[in-house]
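The structure appears right after this line, and notes come after that.
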Amino acid sequence: MDFNFSPEEQAFREEIRGFLDANLPDPVPDEDPAFLQAWNRKLREKRWVGFSWPREWGGGGGDLIRQFILKEEMSARRAPALGLDFMGLTWVGPAVIKHGTKEQKAEHLEAILDGRSHWCTGYSEPDVGSDLASLQCRAVRDGDEYVIHGQKIWTTSAHFASHIFLLVRTDPTVSKYKGITCLLVPMSTPGITVTPIENLSGKASFNQVFFDGARTPVANRLGAEGEGWKVVMGALANERSGISESTEMQQHLDDIRALAKRAVRNGRPALQDDRVRRRLSEMEIRVEAMRLTGLRHLTDQINGKPSGSETAINKLQRGILEFEMSELSLELLGSEALHQGEIQHDALGWHGTVIGGGSPNIQRNIIAERILGLPKD
Amino acid sequence: MDFNFSPEEQAFREEIRGFLDANLPDPVPDEDPAFLQAWNRKLREKRWVGFSWPREWGGGGGDLIRQFILKEEMSARRAPALGLDFMGLTWVGPAVIKHGTKEQKAEHLEAILDGRSHWCTGYSEPDVGSDLASLQCRAVRDGDEYVIHGQKIWTTSAHFASHIFLLVRTDPTVSKYKGITCLLVPMSTPGITVTPIENLSGKASFNQVFFDGARTPVANRLGAEGEGWKVVMGALANERSGISESTEMQQHLDDIRALAKRAVRNGRPALQDDRVRRRLSEMEIRVEAMRLTGLRHLTDQINGKPSGSETAINKLQRGILEFEMSELSLELLGSEALHQGEIQHDALGWHGTVIGGGSPNIQRNIIAERILGLPKD
Amino acid sequence: MNFGFTEEQGFLREAVRKFVDERCPMAEVRRLMKTRDAHSPELWRALAEQGTLGLLIPDEYGGAGLSWVDFVVVLEETGRTLLPSPLVSTALATMALLEAGSPAQRSRWLPRFADGRAVGTLALLEASDRQGAAGIALAAVRDGEVDVLRGEKRFVADAGAADVFVVAYRVGTALRLALVPKEAPGLRVELVPTLDETRRSGTLVLDGVRVGPEDRLVAADPEATLELLLDCGCVAVTAEGLGAAEGALAVTVRYANDRVQFGSPIGRYQGVKHRLADAWVDTESIKSLLYYAAWTIDERRAELPRYASLAKAYLADAFTRIGVDCVQLHGAVGYTIEYDIQLYLKRSKWLRPMFGDGDYHRDRLAALTLG
Amino acid sequence: MNFGFTEEQGFLREAVRKFVDERCPMAEVRRLMKTRDAHSPELWRALAEQGTLGLLIPDEYGGAGLSWVDFVVVLEETGRTLLPSPLVSTALATMALLEAGSPAQRSRWLPRFADGRAVGTLALLEASDRQGAAGIALAAVRDGEVDVLRGEKRFVADAGAADVFVVAYRVGTALRLALVPKEAPGLRVELVPTLDETRRSGTLVLDGVRVGPEDRLVAADPEATLELLLDCGCVAVTAEGLGAAEGALAVTVRYANDRVQFGSPIGRYQGVKHRLADAWVDTESIKSLLYYAAWTIDERRAELPRYASLAKAYLADAFTRIGVDCVQLHGAVGYTIEYDIQLYLKRSKWLRPMFGDGDYHRDRLAALTLG
């Protein structure tokens with residue numbers, strides 16, 4: 001156990017800080033597309049976009065600890081995300097690097113790093129719910145093409161995505177895990193229709209995607225036919241370091257502390273209220289526990305023992321925190337909570353985040369059955 | 001809806017208060033057997049023991065509202081319980097009045113009112129748990145006697161009871177509800193052995209009772225053979241008015257308020273701590289909700305619509321309150337909570353009370369399935 | 001002692017439920033919430049014809065002269081389907097008139113409230129963290145017998161639909177209450193977008209509004225009148241919230257019976273059913289507190305402050321939990337605008353601060369009980 | 001950056017677990033808890049032979065010179081089966097000597113702590129609601145170079161088994177720490193019956209106890225030393241509590257797999273499994289905080305106060321919930337003395353106030369972070 005960083009790692013941290021001092025405007029114009037493009041170009045020059053990707057494909061070739069340091073420093077200064085194509089960087093790129101053909105790598109990887117592509121992922125389907133492997137969307141081979149029929153749902157960002165990382169059933173006669181194939185499909189393909197689903201804030205953040213005989217070349221298949229489940233499980237493991245979750249929650253905590261500092265409750269500063277103080281401390285405890293749990297799993301990853309179900313810990317902690325933070329922030333607003341506003345909007349939005357990661361009850365089932373060894377229901 | 005009492009009811013309340021002023025010592029010597037006997041004689045003279053029993057059997061012939069007033073006033077002054085044989089008064093007496101022979105009534109009712117008997121109830125068995133009707137304890141008819149073999153468990157007070165209100169299986173060939181019979185058995189009967197079970201406080205509050213060929217005359221059967229389930233369900237309904245539960249919780253609340261008034265936390269009076277104040281208010285809210293819910297059910301009973309599963313409301317509220325009160329009282333004690341003492345002892349004891357009424361999860365299943373109509377698990 | 005509803009109250013409940021189901025089903029709620037005031041004059045007149053609007057108003061002013069227990073029955077049913085309407089606001093304005101209105105003021109407004117020609121509301125609050133009299137700072141400038149008001153009243157419910165406002169202000173340290181009609185020169189309403197789209201809130205801008213003696217309420221003790229109005233507000237929104245919580249529970253029970261996952265309706269799992277059972281225990285317990293609190297308005301005013309706080313504190317936190325649990329138990333669809341459950345979630349967020357949140361009322365109870 | 005245990009620490013954990021399972025299974029725990037001091041000199045010597053007692057003590061005094069991270073591994077395992085022993089008390093007395101002991105004091109006591117000939121403990125507290133220096137009021141009367149103590153120290157862990165006490169007192173406003181051996185004239189120990197029968201607590205009565213210069217610790221900043229001891233205490237009891245929480249969870253998981261009701265093991269029901277899953281999330285999260293807190297004692301003292309509070313606050317409340325849930329999930333047998341789960345419940349009640357409860361540490365964190 002050693003939480004000290006090596007001199008080289010420390011120097012890397014200083015390098016990031018220096019870069020941010022020199023380049024990051026205050027306040028960060030994080031809604032300005034021109035700034036975000038320029039920012040991405042600067043990060044690309046440093047090879048900090050796709051930091052852990054191999055250098056031969058345009059990545060940084062960085063190790064996990066430096067990646068952690070990079071994320072921590074960027075997040076502490078509220079710099080924009082590392083890269084413009086979130087899904088591409090997190091899911092698609094690593095899968096293409098592992099399973100892709102030379103042509104696929106050339107076509108997609110640099111585009112992801114430059115933010116020229118914008119990927120979405122087509123996994124969930126109506127009535128399939130938590131049981132992902134039961135998916136029904138069909139692709140039938142017709143010469144050099146697959147012909148796709150079916151439907152996806154809860155597809156985040158599909159309404160402005162350039163490509164979809166798509167799971168389809170190519171063989172319904174074998175066991176459900178073996179008949180699945182992964183395709184890389186441009187959203188401009190004829191036969192694809194996107195219907196946005198409005199969320200409770202009235203925004204379209206996810207979609208239904210319909211495939212009505214959409215055709216895509218066999219060259220767009222990632223990995224072998226019937227190997228789609230393996231491909232996607234590898235990609236899922238990539239997503240689960242838990243580090244970014246805790247830095248995000250740390251930012252929320254900073255925000256709610258700032259709110260508490262200016263809030264007044266019934267004529268008295270909110271920070272003089274014992275219960276407000278203790279609720280903030282309770283959040284600090286859980287955020288710090290998440291950060292350190294993330295570091296434990298990072299160590300496991302570095303040692304080649306990537307964590308499996310253990311990531312459910314931080315998912316559940318996050319659910320508890322999002323709820324608590326939403327409620328406290330609304331309480332601190334007093335009657336202002338009746339109105340629309342950013343804080344009020346965020347307080348409704350956490351439901352989407354929490355459900356997006358698999359509902360808390362599903363996480364609890366996983367823990368109870370896989371880790372504690374209790375019988376299946 | 002009318003929460004006013006009639007002038008006659010108000011006069012009855014005044015009568016009780018006058019009686020208490022004249023007769024109840026302060027402090028109440030509620031551990032002194034001689035006082036308790038004398039107190040019971042005084043209450044018997046007023047016909048307040050067995051207040052709702054018919055006058056012909058020595059009861060008060062009182063109505064439910066006056067019974068409520070009587071309990072409320074007695075409890076507010078922390079007078080001893082109304083009667084000495086709790087199980088006899090609550091369960092056995094009403095069942096004997098309804099189903100008993102003239103001889104059974106003569107033998108048992110006055111003894112219960114005078115506190116000469118001490119009843120326990122033999123329902124639960126090992127491995128039967130919540131599914132009471134699956135009981136296995138056998139009674140076989142042999143001439144004018146039943147011969148009993150089997151075992152009961154969690155039998156409160158059996159180690160000093162004079163009689164047991166016993167459920168046995170007389171016919172294993174019919175459906176489980178139909179083969180049950182109710183017997184009124186003296187504990188002195190040969191073939192009955194009692195083994196106390198120590199609870200976590202090291203006290204014996206409940207027992208195992210073994211029947212090894214114990215014989216009891218057929219004359220001790222309450223109701224017809226095979227009608228035991230009906231008899232006991234009627235008795236169970238009697239128990240469930242919920243009024244006494246809320247008066248008990250009100251006493252706990254008074255105690256914990258008194259504790260909070262003298263407690264200091266980290267050098268500051270506990271009553272200056274916002275969180276302590278609000279936790280006390282939260283308890284006040286739930287206790288008052290219990291009291292009023294009890295009154296709603298009392299009204300239903302008066303109108304001949306006795307509540308069924310609705311009593312689960314106050315059982316669950318009680319579980320929440322007992323937990324909260326136990327934890328807050330220990331927190332208010334500070335380091336004193338390390339030691340043994342009455343408050344610490346009570347803080348462990350609530351587990352018994354809560355489980356005794358059927359575990360909270362069982363109550364939730366009942367509500368979800370019977371009232372909300374959700375499917376059985 | 002009788003803690004039950006009369007047969008008439010049973011009929012009233014049935015009638016309101018039938019009216020609401022027929023005249024304002026959820027599709028109509030969604031249509032109304034897109035309109036400027038979330039208020040339908042047609043629906044309002046139909047409610048008047050039912051006798052609902054005049055419920056608290058005495059016979060002599062064209063009402064039915066019924067009690068708050070009756071009104072709570074109505075609000076529970078209108079809350080159940082999130083009916084958009086200024087029902088509560090107008091009832092509170094009615095209470096202001098019944099408590100402290102002059103005969104002329106009553107004659108002018110109460111018949112119009114009863115038959116649906118006018119809508120009233122309270123305009124009391126200023127600071128977002130303050131409920132009671134201590135938060136009222138708006139100072140009148142005296143011009144002879146006239147009080148001239150310059151300032152703002154915020155968080156005014158149904159501000160756009162209202163024809164008359166009950167405004168609180170100060171002359172020196174003395175609190176005054178007055179009726180200000182919407183046509184009063186210098187009065188302006190600014191609507192503010194609301195979290196719960198079925199509800200409306202606005203700021204009343206007072207730019208030299210003149211309040212003459214005939215406009216002022218004649219309260220002997222304005223602070224007491226103000227407290228009564230706030231406590232009645234507590235009871236009213238608790239009733240609406242109870243109905244909404246029951247509605248959310250019913251919607252979710254239906255979903256849990258219908259939605260099949262891993263081969264069973266999700267309502268089979270204890271993870272679902274126990275939370276719904278807890279929600280039911282809460283709604284039943286709130287009923288007990290609420291009905292008694294309503295009865296104290298009618299019969300035992302001295303107990304009202306405590307019971308208003310007991311009921312609202314329970315509701316505020318329990319409905320928050322119920323709203324969140326019910327959305328979560330819906331899974332992903334609970335987060336879509338298509339399903340109704342999110343409307344109940346928003347109502348739960350709306351009702352929490354209205355007339356004081358849980359901690360506010362727990363503090364108030366502690367002050368009453370512990371000193 | 002490496003958040004993992006070394007291979008040696010893995011062996012240490014296995015060795016302690018094996019020792020505890022063999023030498024002090026639950027039957028032996030139950031036997032020991034009936035003895036006066038809940039302390040077995042034989043077991044203590046066996047622990048010494050294992051090298052466990054000397055773990056924090058430098059080589060030169062006969063110890064192993066290991067770290068708090070190692071010690072936390074030990075405590076987690078002894079906590080798992082509720083081992084009765086003055087292990088924590090002696091380790092805290094060791095820390096007092098390492099931080100502020102003179103060479104003579106160290107030479108006298110550390111070798112005896114390491115080989116099990118002596119037991120030490122802290123005698124700091126007086127008022128039941130006070131943890132820190134502000135609670136220390138015991139005033140010495142000066143007699144030349146000697147401080148004469150008259151008064152009481154309460155809540156002294158393992159008071160009956162201890163050979164030497166680290167006593168805090170004041171000379172004027174100045175805080176002082178001293179070593180008082182149990183044979184000191186005027187010293188008397190009164191044992192107090194404890195809620196957790198596997199633990200012992202007592203009152204130290206000081207009736208003219210004389211503390212000479214050679215008895216006093218030589219702390220440059222006694223307040224800082226005191227705070228360090230209390231923070232080390234936090235870490236130690238959090239480690240014991242984490243082990244106990246894991247033990248309670250394991251016992252209950254076993255019961256939930258074995259106990260059949262309505263035809264299924266009760267562990268199949270979500271009402272059971274979700275609570276156990278939550279308990280597991282809590283124990284894993286506490287581990288993260290605890291291991292880091294232990295590391296700060298060894299390597300980064302400036303961060304210790306914050307991390308001691310983070311870890312203890314989480315443990316205090318989570319273990320309370322876990323203890324109660326685990327008893328409840330056992331049903332009626334959970335309430336009997338026969339089943340072990342009630343011993344874990346009592347341990348959870350014991351550990352909450354030790355070195356400050358949840359609210360105490362949340363207040364402390366708020367003061368650090370918010371001012």
Side-chain angles (χ1 to χ4, degrees), chain B residues 1-6 9 64-66 68-69 253 257 260-261 271 274-282 284-300 302-303 305 310 312-317 320 360-361 363-369 371-377, chain C residues 1-6 9 67 69 249-250 252-253 256-257 264-270 272-282 284-292 294-296 298-300 303 306-307 309-311 313-314 317 358-359 361-371:
Chain B
M1 202 160 291
D2 182 5
F3 296 91
N4 292 310
F5 291 94
S6 70
E9 287 159 355
L64 288 166
I65 292 191
R66 281 181 175 75
F68 163 73
I69 292 170
L253 178 56
R257 273 190 191 137
K261 274 182 184 159
L271 282 192
D274 296 317
R275 184 157 177 258
V276 170
R277 295 172 71 81
R278 291 180 195 144
R279 284 170 82 176
L280 290 171
S281 292
E282 190 60 33
E284 180 181 350
I285 292 164
R286 287 186 190 267
V287 170
E288 192 58 33
M290 281 181 76
R291 192 179 77 86
L292 291 169
T293 299
L295 287 181
R296 276 170 68 205
H297 295 162
L298 182 67
T299 298
D300 290 343
I302 292 169
N303 296 337
K305 296 178 291 184
E310 280 84 355
I313 299 168
N314 275 2
K315 281 195 198 297
L316 283 168
Q317 290 288 16
I320 293 166
N361 278 353
Q363 304 292 343
R364 291 188 180 101
N365 285 344
I366 290 172
I367 291 171
E369 292 164 14
I371 298 176
L372 301 179
L374 290 167
K376 288 221 168 212
D377 200 353
Chain C
M1 210 296 301
N2 168 23
F3 196 159
F5 290 102
T6 61
Q9 284 162 341
S67 70
V69 171
L249 180 56
T252 310
V253 165
N257 269 322
S264 292
I266 60 169
R268 180 171 79 77
Y269 301 110
Q270 291 187 353
V272 174
K273 67 171 45 155
H274 287 183
R275 285 155 88 184
L276 295 174
D278 286 339
W280 184 80
V281 167
D282 285 336
E284 288 298 310
S285 299
I286 292 166
K287 278 182 195 173
S288 302
L289 293 169
L290 169 68
Y291 298 156
Y292 189 85
W295 183 78
T296 68
D298 300 323
E299 301 283 341
R300 209 178 278 174
E303 292 188 20
R306 176 161 177 256
Y307 280 91
S309 281
L310 289 167
Y314 199 141
D317 289 4
D359 275 356
H361 286 290
R362 280 185 287 272
D363 284 346
R364 190 173 180 232
L365 286 167
L368 284 170
T369 314
L370 308 167

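Computed from a predicted structure; not experimentally measured. Here is the naming used below: chain letters follow the sequence lines, and residue numbers restart at 1 for every chain.
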I want to check something: taking the side chain as every heavy atom from C-beta on, are [X] and [Y] in contact at a cut-off of under 4.5 Å?
X      : Y      : answer
B/Q363 : C/V281 : no
B/R296 : C/K287 : yes
C/T369 : B/L280 : no

Grab the two heavy atoms, one from [X] and one from [Y], that are nearest each other, plus how far apart they are.
X      : Y      : answer
B/I65  : C/M1   : CD1-O, 3.4 Å
B/S281 : C/A366 : OG-N, 3.4 Å
B/T293 : C/E284 : OG1-O, 4.4 Å
C/W295 : B/M1   : NE1-O, 3.5 Å
C/F3   : B/T299 : N-OG1, 2.8 Å
B/G373 : C/N257 : O-ND2, 3.5 Å

Check your understanding: Going by an N to O cut-off under 4.0 Å, is there a salt bridge joining B/R364 and C/D278?
Key ->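 Salt bridge between B/R364 and C/D278, a charged N being under 4.0 Å from a carboxylate O: yes.
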Exercise for review: Determine, for C/R362 against B/E284, whether the closest basic-nitrogen to carboxylate-oxygen distance falls under 4.0 angstrom.
Suggested key: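 No, no charged N to carboxylate O under 4.0 Å.
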What part of [X] lies closer than 4.5 angstrom to a heavy atom of chain C: side chain, backbone, both or neither?
X      : value
B/L271 : side chain
B/R278 : both
B/L372 : both
B/R291 : side chain

Review point. Given the rule in the side chain to side chain donor-acceptor pair (under 3.5 Å) test, do C/Y307 and B/E288 qualify, once you have shown the distances and angles that lead to the verdict?
Key: CA-CA 9 Å; C/Y307 280 91; B/E288 192 58 33; 2.4 Å; yes
Review point. Could you state the interatomic distance from CZ (B/R286) to OH (C/Y314), rounded to the nearest 0.5 Å?
Key: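 Reported to 0.5 Å precision, the distance equals 4.0 Å.
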Practice item. Counting only heavy atoms closer than 4.5 Å, note whether C/V69 contacts chain B via side chain, backbone, both or neither. Key: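 When you check distances to chain B, only side chain atoms of C/V69 fall under 4.5 Å.
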Exercise for review: Can you tell which part of C/R275 gets under 4.5 Å to a heavy atom of chain B, answering side chain, backbone, both or neither?
Suggested key: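 Neither part.
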Review point. Are the side chain of C/K273 and the backbone of B/I366 linked by a donor-acceptor contact shorter than 3.5 Å?
Key: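 No, the answer is negative, given that no donor and acceptor are paired below the 3.5 Å cut-off.
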Exercise for review: Please determine, among B/I302, B/N303, B/L295, B/L292, the option with the most heavy-atom pairs under 4.5 Å with chain C.
Suggested key: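 Looking at each of B/I302, B/N303, B/L295, B/L292 in turn, B/L292 comes out on top.
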**Study point:** Cationic tip of C/R300 above B/F3 ring, under 6.0 Å, 45° of axis
**Key:**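 No cation-pi geometry.
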